Amino acid sequence: MTDATVAEAGRDFVRDIIDADRAAGRVGTIVTRFPPEPNGYLHIGHAKSICLNFGVAQEYGGHCALRFDDTNPAKEEQEYIDAIMRDVRWLGYNWGTHLHHASDYFEQLYKWAEHLIERGLAYVDDQTADQIRETRGTLKEAGRDSPFRGRTVDENLDLFKRMRAGEFPNGARTLRAKIDMASGNINLRDPVLYRIIHAEHPRTGKTWSIYPTYDFAHGQSDAIEGVSHSLCTLEFEDHKPLYDWLIEHLPVPSRPRQYEFARLNIGYTVLSKRVLTTLVRDRYVSGWDDPRMPTLAGLRRRGVPPEAIRDFIRRVGVARANSVVDFAMFDFAVREHLNKTAPRRMAVLRPLKVVIENYDGPGEELDAVNHPDDPSQGSRKIPFGREIYIERDDFMEIPPKKFFRLSPGTEVRLRYAYFVTCREVVKDAAGEIVELRCTYDPATRGGNAPDGRKVKATIHWVSATKSLPAEIRLYNQLFTRPDPGAGGDVFADINPNSLEILADARIEPALAQANDEQAIQFERQGYFCRDPDSAPGKPVFNRTVGLRDSYAKA
RNA sequence: UGGGGGAUCGUCUAACGGUAGGACAGCGGACUCUGACUCCGCCAGUCUAGGUUCGAAUCCUAGUCCCCCAGCCA
């Protein structure tokens, strides 16, 4: 992590708590952890947790671990483990030697479970899942004790050993903490600590046939790793009393404290792993890295730089109130970063042919700067000739009052080239405009008129003969409403026009050198990057985000 | 009276009993070889009602609204 990363941090209640803990001498090294379950890909919501945990650790000179919460082999896969590590690194964070897995602690956790049994604080329950649910009570009524709650320590120890040995089928028995079936907090109504799962675990294979639940694994893992501040999202508030109960009753090596913050929500976006998984599985999108996905893999493929994601997270802040961030805030962060870094190129998304009638000769090459505010990026040559393409949107036969671009009789500047004036509109039998006939002013080479005359617009263009064909993919919101699913069915809110493919775009020759993930600004259009779907001679570009367009708005 | 948490410009977020500030969005203007960028300006908020206090977003009381919890998921 760099100093710049540290400077990106803001102030929030988490950092206030840490300051207070340090001032009071309650903590030594600040240790945090990012604890994903490897059952899916990381998304922008995880980025908030990652930036918070790694950011805080860095600021206070501590460290942040990457810990896989791999306690449920039925849902977890190696593919996800690999993807998560790749994405955290890409975001710009490094866990160094602190790579852990809850599964590293299975043996220790097992011993601690026995510890509870020995003290009469846990018991083996033979009830079925249905029976446990029925006897748990409701939100307003107390639960009832399990008939197995009174088993002797020896009997519990024996049964628990046999659960581990694989003697019983899935679901036959559980280990439960003996707390209080009448608690107002349902997490304290004898929560399940271990369940029987006969499945292949990505790391421990078939060694275990019982697995600890999140509640039994998480706090103890924090304690083993010396986590000082265990930061999680709001829905775990109700688990804190159980978290603390376990820490109190177990001989753990440290006393971590849990603090909760609001998860990230963004308008028109879904960050539910269940929904994202379905989107992929049912082919609503092309994969976890579909550029429309809010996953880090999707954002990366779309061309969003990690710096922009970190900046966005910093701008959103960390608080305890539920909120929904306007996606315009995200677009802003992306544009801000890309504007500073992305080299400029010209590409015509929807070409309209223009013939410059008074231009003779073989053509020429003109100079174009690669970045208007960064001379160090140098310049390049762009081929110009008698036939070019301009954007269809840049011509109107009957222009409305505020339309500054090309129309019959008006003069505009071709960026980096010449002033041209439209003389004639050529249409096909159907009345469709197929070509424009223009004239140019040779004296305006380079883009300036010696006589000082001005034009109201500068438009982009490419050579008709020297430009290259390209496919361009424009992305729109994946969902049609700011609160997808609020109407009952998220999948009914999927935007049928979230992907728009422009198969006949033309790009300037310099773009043949573009590589994946290199952000480029197509002047007057937006930021783009080459997609891995590109083939030799058949480049594909993704639009990361469009430029602001105050004309389109008006 | 199940338990837990939260309410500040349209949105996100500061304030820690002492001038309600910033960002995004929006609006207006300047500049411009990108209707971009940049710059300038404007707009706009403390959930309600009482109380304490010289002074309340902050403390107290009573309400209102929103979120989370009844997985052998995390």
Side-chain angles (χ1 to χ4, degrees), chain A residues 10-12 16 35-37 39 69 71-72 74-75 125 127-129 132-134 136-143 170-176 182-189 191-197 210-211 213-215 217-218 232-241 260 262 267 273-274 312 314-333 335-336 339-340 344 346 368-369 372-373 402-405 412-417 419 444 446-448 454-460 521-526 546-554:
Chain A
R11 289 309 313 176
D12 53 66
D16 287 345
E37 183 189 14
N39 67 344
D69 236 333
T71 57
N72 188 349
K75 296 188 168 187
D125 194 343
Q127 292 185 110
T128 63
I132 287 179
R133 189 182 322 114
E134 284 159 18
R136 184 156 28 226
T138 67
L139 293 179
K140 296 190 179 184
E141 299 160 33
N170 285 353
R173 289 179 224 265
T174 57
L175 182 73
R176 290 229 260 170
S183 174
N185 182 342
I186 289 174
N187 293 296
L188 262 19
R189 316 239 266 231
V192 170
L193 269 23
Y194 269 92
R195 66 291 209 203
I196 298 170
I197 302 174
I210 56 173
Y211 290 89
T213 55
Y214 161 84
D215 285 307
H218 204 95
C232 62
T233 44
L234 253 26
E235 66 268 27
F236 291 101
E237 280 176 325
D238 291 345
H239 292 249
K240 182 149 59 182
E260 311 86 12
K273 209 177 281 188
R274 189 200 110 241
F312 167 67
R314 181 189 60 75
R315 286 167 177 278
V316 166
V318 182
R320 286 178 60 83
N322 292 115
S323 60
V324 182
V325 178
D326 190 336
F327 70 86
M329 190 118 49
F330 181 74
D331 285 351
F332 175 84
R335 287 194 193 105
E336 187 183 50
N339 176 51
K340 281 185 250 172
R344 269 90 234 237
M346 293 203 287
V369 298
D373 306 318
K402 287 290 194 178
F403 187 83
F404 301 148
R405 282 107 94 152
V412 300
R413 172 167 40 231
L414 295 176
R415 189 147 166 85
Y416 308 119
F419 285 12
T444 59
N448 288 300
K454 302 287 185 190
V455 288
K456 288 247 267 300
T458 298
I459 64 175
H460 61 280
Q521 184 193 100
F522 288 177
E523 296 210 50
R524 301 209 307 131
Q525 296 286 282
L547 254 28
R548 283 188 65 207
D549 187 350
S550 54
Y551 173 73
K553 233 175 274 174

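In this text the structure is predicted, and so the values were computed from the model without any measurement. Below, chain A is the first sequence line, B the second, and so on; all start at residue 1.
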Cationic tip of A/Arg315 above A/Phe332 ring, under 6.0 Å, 45° of axis | no
Specify the separation, in whole Å, of atom NZ of A/Lys454 and atom C1' of B/C31.
-> 12 Å
Separation of B/U32 atom C1' from A/Tyr551 atom OH, nearest Å, is 19 Å
Touch check for A/Arg344, heavy atoms < 4.0 angstrom, all strands: base, sugar-phosphate only, or nothing?
-> base
Taking side-chain hydrogen bond (donor to acceptor under 3.5 Å, both in side chains) as the test, write out the residues that go with A/Glu237, two or more places apart.
-> A/Arg320
Set of ring-ring contact (aromatic ring centres under 6.0 Å, His included) partners for A/Phe327, sequence neighbours left out = A/Tyr268
Whole-Å distance between B/U13 P and A/Arg320 CZ?
-> 13 Å
Can a donor-acceptor pair under 3.5 Å be found between the side-chain atoms of A/Arg405 and the base atoms of B/G35?
-> yes
For A/Arg195, enumerate each residue passing the salt bridge (charged side-chain N to carboxylate O under 4.0 Å, His left out) test, keeping only those at least two apart in sequence or located in another chain.
-> none
Sub-3.5 Å pairs of nitrogen or oxygen atoms, protein against nucleotides 20-24 of chain B:
residue : atom : partner  : partner atom : Å
B/A23   : O2'  : A/Arg315 : NH1          : 2.7

Residues passing the ring-ring contact (aromatic ring centres under 6.0 Å, His included) test with A/Phe312, sequence neighbours excluded, are A/Phe330
For nucleotides 40-48 of chain B, tabulate all protein N/O to nucleotide N/O atom pairs closer than 3.5 Å, reporting atom names and distance.
none

In whole Å, what is the span from the CG atom of A/Asn448 to the P atom of B/U34?
-> 11 Å
Taking pairs as Watson-Crick (N1-N3 plus N6-O4 or O6-N4) or G-U wobble (N1-O2 and O6-N3), each distance under 3.5 Å, the stems of three or more consecutive pairs with RNA chain B are B:2-7 with B:64-69, B:10-13 with B:21-24, B:26-30 with B:38-42, B:47-51 with B:59-63
Enter the distance from A/Met346:CE to A/Tyr416:OH here, rounded to the nearest 0.5 Å.
-> 6.5 Å
Rounded to whole Å, CZ of A/Phe327 lies from C1' of B/G10 at a distance of 14 Å
Answer yes or no: is there an ion pair linking A/Arg415 with A/Glu523, defined by an N-O contact shorter than 4.0 Å?
-> yes
Does A/Arg189 have any side-chain hydrogen bond (donor to acceptor under 3.5 Å, both in side chains) partners at least two apart in sequence or in another chain, and if so, which?
-> none
In whole angstrom, give the distance that lies between atom CG of A/Asp16 and atom P of B/U13.
-> 15 Å
Electrostatic pair A/Lys240-A/Glu260, nearest N-O below 4.0 angstrom = yes
How long is the gap from CZ on A/Arg133 to CD on A/Gln127, to the nearest 0.5 Å?
-> 11.5 Å
Report which part of the nucleic acid A/Tyr416 touches: base, sugar-phosphate, or nothing (heavy-atom distance under 4.0 Å, all strands).
-> base
Given protein heavy atoms under 4.0 Å, the one-letter contact record of nucleotides 65-74 of chain B, with B base, S sugar-phosphate only and - none, is simply --SBBBSBSB
Under the side-chain hydrogen bond (donor to acceptor under 3.5 Å, both in side chains) rule, collect the residues that match up with A/Arg136, sequence neighbours excluded.
-> none
Those residues at least two apart in sequence (or on a different chain) that pass side-chain hydrogen bond (donor to acceptor under 3.5 Å, both in side chains) with A/Asp238 are none
How far does CD of A/Gln525 sit from CG of A/Leu547, to the nearest 0.5 angstrom?
-> 8.5 Å
Pick base, sugar-phosphate or nothing for A/Asp331, based on heavy-atom distances below 4.0 Å to the nucleic acid.
-> nothing
For A/Val455, which contact category applies under a 4.0 Å heavy-atom criterion: base, sugar-phosphate, or nothing?
-> nothing
Sequence neighbours excluded - salt bridge (charged side-chain N to carboxylate O under 4.0 Å, His left out) pairs with any residue from residues 321-333 of chain A = none
Check the chi torsion on B/G71 and let me know: syn if it falls within 90° of 0, anti if not.
-> syn
Counting any heavy atom closer than 4.0 Å, what does A/Arg415 reach on the DNA or RNA strands: base, sugar-phosphate only, or nothing?
-> base
Check every strand shown and say whether A/Lys402 touches a base, only sugar-phosphate, or nothing at a heavy-atom separation below 4.0 Å.
-> base
What nucleic acid atoms does A/Gln521 come within less than 4.0 Å of, heavy atoms only: base, sugar-phosphate, or nothing?
-> base
